[in-house]
Each structure stands twice: as structure tokens, then as C-alpha cells.
Amino acid sequence: MTKKKTANFSKYIKWFWGIIIGGFLALGLLFLLASWGVFGALPTFEELENPRSDLATEVISSDGKTLGKYYVNANRTPIQYKDLPENLIKAVVATEDERFYEHSGIDFRGTARAVANLGRSGGASTITQQLAKNLFNRGGSSNIFKRLSQKLKEWVVAVKLERQYTKEEIVTMYFNTQDFIFNAVGIRSAARIYFGKEPKDLDLQESAILVAMLKNPRQFNPHRERSKDKSLARRNVVFGQMEKNGFITEQEKDSLQKLPLKINFTPESHSDGLATYFREHLRNYLKEWAKEHPKANGEEYNIYRDGLKVYTTIDSRMQQYAEEAVVEHISNLQTYFDKEQKRNKTAPFYDIDKREIEGILRRAKLNSDRYKRLKAGGKSEKEIDEVFNTATDMRIFTWKGERDTVMTPYDSIRHYKYFLRSGLVSIEPQTGHIKAWVGGINHKYFKYDAVEQQKRQVGSTFKPFVYATAINQLKMSPCDKLPNTPYTIPKEKYGMPEDWTPKNAGGKYGEELTLKDALAQSVNVITAQLIDKVSPINVVRLAESAGITSKLEANPSIALGAIDLSLMEMVSAYSTFANKGLRVSPLMVTRIEDKNGTVLQEFVPETKEVLSEESAYVILDLMKGVTQIGSGARLRSNYTSGGDAVTGFPYRFTNPIAGKTGTSQNQSDGWFMGIVPNLATGVWTGGEDRATHFAGLRYGQGATMSLPTWAIFMRKCYEDKTLDVSKGNFEKPKNVSINLDCSKTESSNEEENLNDTDF
């Protein structure tokens with residue numbers, strides 16, 4: 001080699017090393033400048049110690065299941081490292097950061113490889129860098145200089161995170177901050193939404209699917225039809241990386257890659273999952289609770305961002321059975337209602353004229369979200385009417401599933417008026433714990449809560465309070481007899497404007513009846529005699545003491561249930577009978593914790609003595625007659641009437657049940673209240689409007705509209721051996737002085753029982 005060539009070669013060597021060293025010096029300088037905040041503010045030490053992230057408030061059932069969450073932007077519930085399965089950790093390290101346990105935040109080998117290949121062989125972001133981006137530097141930029149400055153800041157923050165946290169803490173934080181879309185922020189939400197399970201229960205195939213999504217949760221999403229093939233291919237890349245890094249064998253990789261893509265998509269939104277109506281009621285309660293229980297610094301808790309844990313009294317198993325029972329019976333009952341409406345010229349309404357129907361539909365329009373949006377947008381009434389009369393694409397509810405269709409908003413309003421609604425609530429009398437709460441048939445399409453918001457005429461379900469007053473005040477016995485004859489209370493007696501002479505349903509009168517037979521057959525004239533004996537004011541006092549919170553007018557007509565009350569009020573008050581006369585106020589939350597597990601408040605119910613233990617037992621004995629010889633007697637048989645699956649009942653209960661049916665005027669409301677020793681459950685069924693009802697009593701009475709829902713719910717509870725719902729008798733007090741040993745009048749035939757009415 002000539003001297004000239006040697007000199008040129010040395011020159012090139014110097015230039016090469018100069019560029020390399022200069023590059024590293026420049027990179028070091030940029031890194032130093034970034035750490036000084038030249039390219040933008042960096043998180044403080046305190047922020048690194050406690051990185052800010054929105055945490056969803058979690059609603060937890062009494063049996064430890066997550067019922068739902070409250071969140072705005074992030075459905076995130078953090079978990080600890082011990083809750084992450086080993087296969088998930090191995091999958092993410094093998095795929096996202098092979099040298100995770102070796103570097104201190106920046107993988108220089110990976111960075112050099114990425115630079116040399118101009119990014120074609122993949123990026124070089126470590127798990128720690130990705131965490132830094134998730135926590136402090138969300139969002140990208142199309143400007144190359146801004147992107148470079150963001151990357152530099154990620155490096156600095158990554159190094160700081162590595163100094164501040166262990167590797168286990170870093171990978172846990174990484175999974176807790178990752179967005180998997182479809183309201184799945186964090187690994188816990190992702191595991192629940194995509195697989196319906198907790199992270200610790202994920203198998204290797206499921207873990208690989210979630211790790212595959214980290215590259216791009218939309219592009220590699222296993223739920224989106226258009227991205228399923230990409231998701232499968234990326235999942236198999238994860239298996240390949242795990243084999244490459246020695247976490248699985250080649251044989252295991254080959255077997256796993258042959259598996260089909262399989263998920264169990266379980267969406268979590270405010271209208272999905274269990275106890276949707278309960279969760280909405282609880283949400284409003286928690287907002288008020290937060291105002292009254294501020295943090296130590298005086299700030300209000302934010303139920304959407306502060307990660308509270310709310311432990312409720314709802315039992316997820318009983319809640320599931322209650323929702324299934326409502327759907328099972330009401331979807332069946334709806335078919336009979338629809339058949340009847342084909343002959344109804346004013347369907348789905350009765351007893352009102354065209355003007356009144358137009359008024360109902362107009363009120364529904366004014367209350368609709370569509371109308372409120374248009375009005376807020378400055379539209380005139382004429383423009384809004386045009387919108388409501390123009391056909392448009394929409395998705396509607398049907399009992400056969402959601403259906404895409406084209407109809408006008410006005411037609412959709414009438415469509416929803418056809419549906420029967422129902423509510424169920426179940427309370428443990430001894431504790432006041434609300435175990436199940438079903439406010440309607442579908443929360444997404446029917447928001448109004450039939451448990452707490454709605455008040456409807458209760459009919460004969462109010463009669464037990466009249467009987468209880470007579471028993472408690474006059475020591476009357478179920479065996480005492482009163483004449484089943486017309487009875488008049490004169491107008492001057494209780495300040496009524498005119499005489500009150502109630503009639504029996506069907507106009508049936510006869511000889512004397514025992515109180516037990518009179519309540520079982522829901523005889524109006526005997527109830528009228530009883531309220532006259534004890535006075536309406538005493539009935540009101542007892543009912544209010546038992547748990548009725550609505551204002552009651554002390555007039556005789558309340559004896560027949562001509563008052564509007566909520567389902568929650570009724571079940572709460574009935575629970576008093578089952579708890580030996582001691583009222584325990586309904587309880588839906590046992591405690592609230594902050595995100596760190598610190599108990600913020602524990603809850604205990606209020607108690608109050610309403611009846612003597614003897615009187616409570618006697619009224620239960622009276623109400624057992626309803627399910628033995630009265631309108632609830634179909635619980636005791638498994639007959640069907642002419643193959644009719646609604647009026648007949650396919651289940652036979654043999655255990656003691658105290659109950660009462662109720663039907664309001666024109667069959668607008670059907671009720672059934674049923675009590676066993678440790679559970680009081682009430683069901684209401686009817687239309688959204690009182691003019692929406694069955695034409696007659698065959699389908700329109702409480703024994704047909706609501707009793708079957710109660711029975712389906714209880715059958716499911718009894719079949720679940722993990723539950724302890726009593727099949728025993730009510731505990732009898734010692735030294736009962738009131739006579740209970742009287743002959744029972746049997747119905748002449750089953751058809752009479754079927755047609756017992758209860759106005």
C-alpha cells in the first residue's frame with residue numbers, strides 16, 4: 001500500500017470514529033438537554049412517585065364479583081404484580097422487550113439495530129419507554145423535530161422510572177396503563193372484556209392475544225371482523241418470540257399456532273353487564289355521598305377518576321337469576337299482549353281517545369334525547385317535527401334481539417309503547433341487604449327504573465297493612481269472621497265528600513268469612529270493615545312505620561290500594577313482617593374504600609320496632625293462605641290451563657310462602673309480593689302508560705303478570721346450592737295468644753283460583 005493510500009485510509013478511519021464519537025456526544029448532549037427540560041417540562045419526583053392516571057370506580061357484589069364501573073375516559077382498574085399470570089409476563093417480555101431485565105430503561109443494542117435498519121426491523125422502545133409514553137407523553141406529532149424531542153423525553157423519563165421502580169412494578173404499571181380499546185383500559189378491563197375473566201385466570205393463548213394487541217390495539221383487535229386475521233397472525237408472532245426466547249418449546253409453539261382465534265367478548269359499559277338499573281341508582285347516590293364526604297384536603301371525590309371501591313349488598317348470583325326471570329316471563333307474556341293488540345283499534349292503548357293518545361306520544365317526544373338535542377341545537381318546532389316525521393336508519397329493541405331498521409322517530413316512539421315493563425327487588429329482611437334489583441327489561445332502551453323511580457297503584461298488595469293494624473291493635477285472629485256483605489262508610493265519618501261503598505270483584509257476596517279466607521280471596525268489603533274498625537290514620541301510621549315513605553292520605557280508600565307507591569317501598573315494608581315486626585331500612589352499600597384500600601365509610605341500617613313479634617307472625621300466617629287457597633295458589637300446582645303457558649304454571653313449590661297479589665284498576669298494574677323466612681321479593685308488571693294494559697283479567701291480573709317472574713327467580717335461587725335461601729317455616733314466637741287453629745276454606749275448583757281477582 002502506497003503512503004498516499006495509507007494516509008487516505010487513516011483519514012477515513014479518523015472520520016469514521018469522529019462521526020461515531022461525535023454522534024454519541026451529540027446524543028449525550030441531547031439527552032442532557034432533555035433532562036434539563038430544554039425540550040419541555042418533565043415529570044417531577046412527586047409525579048414519578050405518584051403518576052396521575054384516571055381510575056374507574058368499581059362496584060363490587062357481596063360475593064366478590066365486579067358488577068360494573070364508573071368512568072369517563074378510562075375504564076381502568078389497577079392490579080398488582082401478583083395478579084399477573086406468568087405466561088403473560090413471558091409473552092410481553094419476549095415480544096416487546098427481550099432484554100427487559102438487562103437494561104436500565106434504554107436498550108442501546110435495540111436502538112442501534114433500529115437506526116442501522118432505518119426502523120425496518122422494528123422500533124427500539126423498551127417496556128419502560130412505552131410506560132413513560134403512556135404516563136407522561138401521550139399523543140404523537142407529525143413534525144419530525146417534535147417526535148425526536150418526545151423520544152428524548154421518553155428516554156429520560158424511562159431512566160428515571162428504572163431508578164424509581166422495580167422491574168415488577170414497571171411491567172405492572174405498563175399493563176395497567178395500556179389501552180386495548182372497547183372501554184378496556186388496563187389489563188384487568190381487557191381480560192374481563194375480551195375473555196370474561198380476571199387476569200390471573202388467563203391461559204397462554206389468551207395472554208398472547210392481548211400481548212399481540214399492544215403493537216396496535218385496533219389493527220390487531222380480535223373482536224373487529226376486519227382485523228381478526230391480523231390478530232391471529234400477530235398472536236402467532238408472539239408464540240414465535242416466546243419459542244425464540246426459550247419460554248416454550250418448538251413443539252408447543254407449533255401446537256399453539258394451530259389453535260383458532262377465540263375470545264369471549266363481554267363489553268363493559270353503563271348499559272351492559274349485571275345490575276344496570278341498580279348501578280345507575282348507585283351512581284346518583286355516590287355523587288351526593290362525595291359532596292358530603294370530602295377528602296382530607298377538602299376536595300370532592302371524583303367517582304369517575306379516583307378509583308373508589310364500592311362494596312354493595314347485591315348478590316351477583318341472585319341478580320343474574322332475577323334478570324333472567326324478568327326476561328323469561330315478560331318476553332313470553334309480551335307475545336300474548338301483542339296478539340291481543342291485533343284486535344285493538346287504539347293499540348297499544350285502551351280506555352282513551354285519539355286526543356289523549358296524541359298527548360301521550362307528544363310527551364314522549366318532548367322527553368326524548370333526540371328532541372332535547374335538536375332543541376339545544378336551536379331547531380324550531382317545525383324543523384323538529386320534520387325530523388320526527390322523516391324515516392331514518394336506527395337500531396331498535398325487540399325480544400328477538402336488536403334489529404336494524406328504517407322508521408321515523410315518531411314510529412319508534414309508538415314501537416316502544418307496545419312493550420310491557422317489569423321490575424323486581426329482593427331484600428334480606430334481617431339485615432336490610434338488597435340482594436337483587438331489576439329496574440326494567442333492558443336498560444339500554446328503557447332507562448326508567450321500576451324499582452325506585454316509578455310509583456304505581458299497588459292494588460290489593462296494600463291490604464296486609466290493614467289486616468296487620470287490626471291484628472296488632474285489636475288482637476284479631478285469622479279465624480275471626482266478618483260478613484261478606486256490602487258495607488258503607490258514611491261521608492261524615494272521615495271527612496269524605498260522599499259515602500264510600502266498595503264492591504267485591506265480580507260482585508260476589510255471601511256468608512261470613514274468616515280473615516284468612518278474606519285476605520286469600522282479596523274480599524274488598526271485609527277489608528273495608530277492618531279499616532273502619534281501626535281507622536285509616538292508624539293504618540297510615542303502621543304503613544309509614546314499616547317503610548312506606550310516600551305521603552299517604554288517611555282515607556278509607558287506601559284499604560284497597562288506591563295509592564301510588566314504589567316497588568322498593570312495598571318490599572321494604574313487607575320485610576318488616578318477615579323480621580318479627582322489626583323494620584330494618586334497606587341497605588345497598590356496606591363500605592366504600594379509596595384506591596389504596598383505606599375504608600372511607602362503613603354502613604349499617606337503621607332499625608325500628610313496628611309490630612309485636614306475635615302480630616308479625618300472625619300476618620305471615622294470614623298471607624300464607626294467599627298461596628294456599630287464594631290467587632297465589634298456582635305456586636302449589638303444576639297444572640296448565642288449556643296448554644296456556646302464561647295462566648298455567650309449570651313449577652310446584654311445597655315450602656311455606658307468605659304472599660299477596662295485586663291488580664290495579666283496568667289491569668294497568670300487576671303485583672306479587674312473596675316472602676320466605678330470609679328473603680322478601682316483590683315484582684311489578686305493567687305498561688309505561690297506564691292506558692297500556694291487557695283488556696281482561698285472564699292475563700291482566702297480578703297472579704299472571706308478576707307471580708310467574710317471582711316463581712322463576714325463586715326456583716333458580718333454590719336450585720343454586722351455593723345460596724342459602726330458606727325453604728323452612730317462619731319462626732313461631734313462644735306463647736302465641738292469638739288463635740291460629742281454624743278450618744281453611746278450600747276453593748271449589750282450580751278455575752276459581754285462577755280467576756281470583758284482587759282489586
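Side-chain contact check for Arg421 and Thr685: no donor-acceptor pair (N or O, by modelled atom type) lies under 3.5 Å. Counting only N and O atoms by type, the side chains of Trp437 and Glu452 include no donor and acceptor under 3.5 Å apart. When only modelled atom types and interatomic distance are considered, Ser557 and Asn555 share a side-chain donor-acceptor pair under 3.5 Å. For Asn538 and Gln473, the side-chain atoms include at least one donor-acceptor pair closer than 3.5 Å. Side chain to side chain, Asn729 and Asn655 fail the donor-acceptor criterion of an N or O pair below 3.5 Å. Side-chain contact, Gln701 with Thr663: no donor N or O sits under 3.5 Å from an acceptor N or O. Under 3.5 Å, the side chains of Asn524 and Lys463 contain a donor-acceptor pair of N or O atoms. A donor atom on one side chain and an acceptor atom on the other are not found under 3.5 Å apart for Glu569 and Ser572. Under 3.5 Å, the side chains of Ser316 and Gln319 contain no donor-acceptor pair of N or O atoms. Asp480 and Ser477 share no donor-acceptor pair across their side chains, judged by distance under 3.5 Å alone. When only modelled atom types and interatomic distance are considered, Lys435 and Thr313 share no side-chain donor-acceptor pair under 3.5 Å. Side chains of Thr722 and Asp720: a donor-acceptor N/O pair is present below 3.5 angstrom, by distance only.
Between Arg317 and Asp315 there is a salt bridge, with a side-chain nitrogen of the basic residue lying less than 4.0 Å from a carboxylate oxygen of the acidic one. For Glu731 and Lys580, the salt-bridge test passes: some basic side-chain N is under 4.0 Å from an acidic carboxylate O. Checked for salt-bridge contact, Glu324 and Lys716 meet the test: a charged N lies under 4.0 Å from a carboxylate O. Salt bridge status for Lys455 with Asp669: absent, with no side-chain N to carboxylate O gap under 4.0 Å. Salt-bridge formation is detected for the pair Lys475/Glu614: a Lys NZ or Arg NE/NH1/NH2 atom is positioned less than 4.0 Å from an Asp or Glu carboxylate oxygen. Salt bridge present: Arg591 and Glu593 bring a charged side-chain N and a carboxylate O closer than 4.0 Å.
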Would you check, one step at a time, whether the test side-chain contact (heavy atoms from CB on, under 4.5 Å) holds for Asn678 with Val725? CA-CA 7 Å; Asn678 64 350; Val725 180; 4.2 Å; yes
Mind running side-chain contact (heavy atoms from CB on, under 4.5 Å) on Cys717 and Phe713 for me, showing each step along the way? CA-CA 6 Å; Cys717 288; Phe713 168 65; 3.5 Å; yes
side-chain contact (heavy atoms from CB on, under 4.5 Å) assessment of Tyr70 paired with Glu58: CA-CA 7 Å; Tyr70 304 124; Glu58 187 174 8; over 6 Å; no
CA sep, side-chain torsions, deciding dist, call: Val451, Phe278, side-chain contact (heavy atoms from CB on, under 4.5 Å): CA-CA 9 Å; Val451 170; Phe278 169 79; over 6 Å; no
Show the numbers, then the answer: is there a salt bridge (Lys or Arg N to Asp or Glu O under 4.0 Å) between Lys309 and Asp594? CA-CA 6 Å; Lys309 290 187 181 296; Asp594 68 12; over 6 Å; no
Yes or no on side chain to side chain donor-acceptor pair (under 3.5 Å) for His293 and Gln601, after CA distance, side-chain angles and deciding distance? CA-CA 9 Å; His293 299 81; Gln601 186 175 357; 3.0 Å; yes
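The backbone N or O of Ile712 sits nowhere less than 3.5 Å from a side-chain atom of Tyr321 that would complete a donor-acceptor pair. Under a 3.5 Å cut-off, the side chain of Asn579 and the backbone N or O of Ser575 do not form any donor-acceptor pair. In this structure, the side chain of Lys447 engages the main chain of His443 through a donor-acceptor pair within 3.5 Å. The backbone N or O of Glu609 lies less than 3.5 Å from no partner atom in the side chain of Arg583, so there is not a single donor-acceptor pair.
Exactly one residue among Tyr617, Phe465, Phe730, Tyr467 makes a ring-ring contact (aromatic ring centres under 6.0 Å, His included) with Phe577. That residue is Phe465. The side-chain contact (heavy atoms from CB on, under 4.5 Å) test with Ser615 singles out one residue from Leu542, Asn472, Leu620, and that residue is Asn472.
Relative to the six-membered ring of Tyr718, Lys727 meets both conditions, a distance below 6.0 Å and an angle of at most 45° to the axis. Taking the centre and axis of the six-membered ring of Phe672, the NZ or CZ atom of Lys660 falls outside the cone set by 45° and 6.0 Å.
In this structure, Lys491 places its NZ atom where only 12 or fewer heavy-atom neighbours from other residues, nucleotides or ligands lie under 6.0 Å away. Annotation: Glu492, atom CD; neighbour count of heavy atoms from other residues, nucleotides and ligands within 6.0 Å is above 12.
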